[in-house]
There are 2 protein chains.
Amino acid sequence: MGVTKTQVFTDRQNRIADLAKALAHPARVAIIQHLLKVNSCVCGDLVEVLPLAQATVSQHLKELKQIGIIHGEINPPRVCYCINETVWQEAKAIFGDLFETSVAAACCN
Amino acid sequence: MGVTKTQVFTDRQNRIADLAKALAHPARVAIIQHLLKVNSCVCGDLVEVLPLAQATVSQHLKELKQIGIIHGEINPPRVCYCINETVWQEAKAIFGDLFETSVAAACCN
DNA sequence: AGTATCTATCGTATTATTGCAATGAATAAA
DNA sequence: TTTATTCATTGCAATAATACGATAGATACT
């Protein structure tokens with residue numbers, strides 16, 4: 001049909017997929033890396049750092065905000081973005097958990 | 001334009017995005033989880049485990065294979081899939097590195 | 001040869017994503 | 001009030017992704 005059948009998977013699988021989706025585009029990776037790097041929250045500086053138009057950056061920020069991994073505080077006329085510590089820890093835990101599983105070197109090697 | 005401008009980002013950012021894309025769909029998460037769980041390689045059993053049509057599963061497997069995170073060995077008429085240990089460790093390292101960065105509780109909190 | 005099994009691929013339909021120009025909304029400064 | 005600044009949203013176009021039926025290819029079995 002062309003749409004992800006989210007309802008047939010577990011909540012956890014969908015959550016992993018959503019969190020991974022936050023990192024599944026180089027622009028969003030760059031945004032997150034930058035927010036991690038600068039101590040203070042960056043605002044529209046992101047537009048200057050990224051080689052993308054302002055509208056495009058805004059859209060990526062919207063997605064990240066929706067997933068919950070960042071959060072923006074309005075401070076007119078600027079908006080201050082930063083990593084959401086809680087969700088960041090959630091992502092860290094969820095991926096850490098997944099990658100903790102060592103591969104059983106069973107076959108096809 | 002509607003296409004990701006990969007060339008304006010670093011190789012590492014693109015690699016992170018690609019590896020994240022492997023996990024950015026619940027079906028692929030389920031596939032990876034299953035391959036991690038069963039010691040021996042699973043083949044078309046995945047089709048029975050997943051609530052998706054055979055063609056769809058095959059397509060997800062193709063993507064995972066392309067990213068490199070799994071690898072399939074033909075053993076006619078079956079194909080034996082398993083996690084690519086090397087790439088799995090690469091992903092573990094790359095995400096571990098990213099999440100190692102602690103969030104500077106600087107602002108907007 | 002004919003049949004059955006397993007997997008990949010093709011074709012197609014539908015939805016999602018990416019990107020940007022243009023516009024709008026909100027506030028600060030003049 | 002007018003202007004400038006900052007960011008979000010809208011509208012549009014193009015490409016990517018998701019899903020599946022149907023078909024093709026490869027091998028094993030009878």
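Residue numbers start from 1 in every chain, and the chains themselves are labelled A, B, ... in the order their sequence lines are given, proteins ahead of strands.
Atom CG in B/Leu50 sits 8.0 Å away from atom NE2 in B/His34 (nearest 0.5 Å). Between the NE2 atom of A/His25 and the CG atom of B/Asn14 there is a distance of 9.0 Å, given to the nearest 0.5 Å. With rounding to the nearest 0.5 angstrom, the CH2 atom of B/Trp88 is 5.5 Å from the CD1 atom of B/Ile32. Interatomic distance, B/Thr6 OG1 to B/Asp11 CG, rounded to the nearest 0.5 Å: 9.5 Å. Rounded to the nearest 0.5 angstrom, A/Leu35 CG and A/Leu46 CG are separated by 5.5 Å. Taken to the nearest 0.5 Å, the CD1 atom of B/Ile83 stands 4.5 Å off from the CG atom of B/Leu36.
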Below 3.5 Å, can you tabulate the donor-acceptor pairs from side chains in residues 60-70 of chain B to any protein atom, sequence neighbours excluded?
residue, atom, partner, partner atom, Å
B/His60, ND1, B/Arg28, NH1, 3.1
B/Glu63, OE1, B/Arg28, NH1, 3.3
B/Lys65, NZ, B/Tyr81, OH, 3.4

**Prompt:** For A/Phe95 and B/Leu98, what are the C-alpha separation, side-chain angles and deciding distance, and is it a side chain to side chain contact (heavy atoms under 4.5 Å, CB included)?
**Reply:** CA-CA 11 Å; A/Phe95 286 115; B/Leu98 187 63; over 6 Å; no

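Each end of the helix from C/dA1-D/dT30 to C/dA30-D/dT1 gets its own axis from five base pairs, and the two axes differ in direction by 10°, given to 10 degrees.
Scanning residues 51-67 of chain A for heavy-atom distances under 4.0 Å to DNA chain C yields A/Leu52, A/Ala53, A/Ala55, A/Thr56, A/Gln59, A/His60, A/Glu63. For DNA chain C, the neighbouring residues in residues 23-31 of chain A, judged by any heavy atom under 4.0 Å, are A/His25, A/Arg28.
Evaluation of the salt bridge (Lys or Arg N to Asp or Glu O under 4.0 Å) test over residues 86-103 of chain B, restricted to residues two or more places apart or in two chains, returns B/Arg12-B/Asp97, B/Arg15-B/Glu90.
Scanning both residues, B/Ala27 and B/Leu52, for their nearest heavy atoms gives CB-CD1, 3.6 Å. Closest non-hydrogen pair, A/Pro51 versus B/Val8, comes out as CG-CG2, 3.5 Å.
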Enumerate the protein-to-nucleotides 1-6 of chain D contacts in which both atoms are nitrogen or oxygen and the separation is below 3.5 Å.
residue, atom, partner, partner atom, Å
D/dT6, OP1, A/Arg78, NH2, 3.4

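Dashed line: the shortest gap from a side-chain N or O of B/Tyr81 to OP1 or OP2 of C/dA8 is under 4.0 Å.
Under the 4.5 Å side-chain heavy-atom criterion for ILVMFWY residues, no single connected hydrophobic cluster contains both B/Val49 and B/Val57.
Distance B/Asn75 CG to C/dA8 P: 13 Å, rounded to the nearest Å.
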